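Working notes for the structure below.
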Amino acid sequence: MSTLLEETKLIMNKFHIKANKSLGQNFLICEEVVQAIIESSKIQKEDLVIEIGPGLGTLTKYLLEKAGKVICIELDKKMVNLLESRFLNNENFVILNQDVLKVDLRSIIQKETTPIKNVKVVANLPYYITTPIIMKLLEDELPLESITVMIQKEVANRLLAIPGQRETGAITYSVYYYAQSEGVLEVPNHSFIPEPEVTSKVIKLNIRKKPPVEIEKKEMMFQIIKCAFMQRRKTLLNALANTNMFSNKNEGIEILKNLNIDINIRPEKLKLEDYANLTKLIMKKRNLK
Ligand code: SAM
């Protein structure tokens, strides 16, 4: 039996913990995976780390050794009690018993009084809310340097895809707008107890200082991208005409020709820059600024 598995079982027994499936509780028991997450997040003493869903504290233990401060956000009160007891003597440990989707992360970061160079998110995320968590972290435009997370492999591949690849989806463009993503490690399901039904992947999102395209109304661009991918098998022209982004097909043909975009193109073949130009032209046609 590996030491981390032994340690995990001991903690679970001591605190009478049973994994709560509805909270996405799959606890890491593989030392190599823990080390890969810690190393790829490149934490330094001047960093504030926000850990989402610390669970039994497997990652937290290492984060506390490396970071200036670790703020954990955990929904399960049982875990909170356990962690308070486990890290009682760690002065750089803070735990908030809250739902990460409801918590005001910006004010938590702003209120921090210890001197901080960078803010980094590190987590083995609860899989039932992977996408909303990542989108919240990105869209709130928090002052983050990076987000290193373990998520389902399928979602990871969408976030890591580049336009044109089979895995490209609307979310690929949103993530690309905010961050440069890199794959760190594929993780088999026997690296957790209980085992999740899917394979996992650790990815790192390095937050961009400046977006790769200039666009005033980015919300409109993301809305157009969403509509383009609503009917995946359709061409971009048909998808946008069917969702009223183009007033009608003829207008769509005119706009696409104007931008030198093939009228039979599929939505995943466009670059983010193409969507930005498409958005600007649609807005101009509608006299929107
Ligand atoms: N970090 C631990 C590990 O790697 O072994 C546990 C990871 S487990 C996959 C996900 C954790 O997220 C659980 O501890 C669960 O209770 C917590 N969680 C679930 N939903 C949450 C939410 N909405 N806000 C904060 N934490 C949540």
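For ligands, and for the atoms within them, numbers begin at 1 and follow the listed sequence. In this text, all values refer to a predicted model and were calculated from it rather than measured experimentally.
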**Item:** Heavy-atom closest pair, residues Lys42 and Asp47
**Value:** O-OD2, 3.9 Å
List ligand 1's nitrogen or oxygen atoms that come under 3.5 Å of a protein nitrogen or oxygen, with the partner atom and distance.
| from | atom 1 | to | atom 2 | distance (Å) |
| --- | --- | --- | --- | --- |
| ligand 1 | 1 (N) | Gly53 | O | 2.8 |
| ligand 1 | 1 (N) | Pro54 | O | 3.2 |
| ligand 1 | 4 (O) | Asn124 | ND2 | 2.8 |
| ligand 1 | 5 (O) | Leu28 | N | 2.9 |
| ligand 1 | 14 (O) | Gly55 | N | 3.4 |
| ligand 1 | 14 (O) | Glu74 | OE1 | 2.8 |
| ligand 1 | 16 (O) | Gln25 | NE2 | 2.9 |
| ligand 1 | 16 (O) | Glu74 | OE2 | 2.6 |
| ligand 1 | 20 (N) | Tyr128 | OH | 2.8 |
| ligand 1 | 23 (N) | Asp99 | OD1 | 2.9 |
| ligand 1 | 24 (N) | Val100 | N | 3.0 |
| ligand 1 | 26 (N) | Leu75 | N | 3.3 |

Which pairs of donor and acceptor atoms, one on a side chain in residues 260-270, lie under 3.5 Å apart (sequence neighbours left out)?
| from | atom 1 | to | atom 2 | distance (Å) |
| --- | --- | --- | --- | --- |
| Asp262 | OD1 | Asn264 | N | 2.9 |
| Arg266 | NH1 | Arg233 | O | 2.2 |

**Item:** Atom pair CD1/CG of Ile203 and Leu185 - distance to nearest 0.5 Å
**Value:** 12.5 Å
Below 4.0 angstrom, N of the basic side chain to O of the carboxylate: do [X] and [Y] qualify?
{"X": "Lys285", "Y": "Glu251", "answer": "no"}
{"X": "Lys226", "Y": "Glu219", "answer": "no"}
{"X": "Lys77", "Y": "Glu84", "answer": "no"}

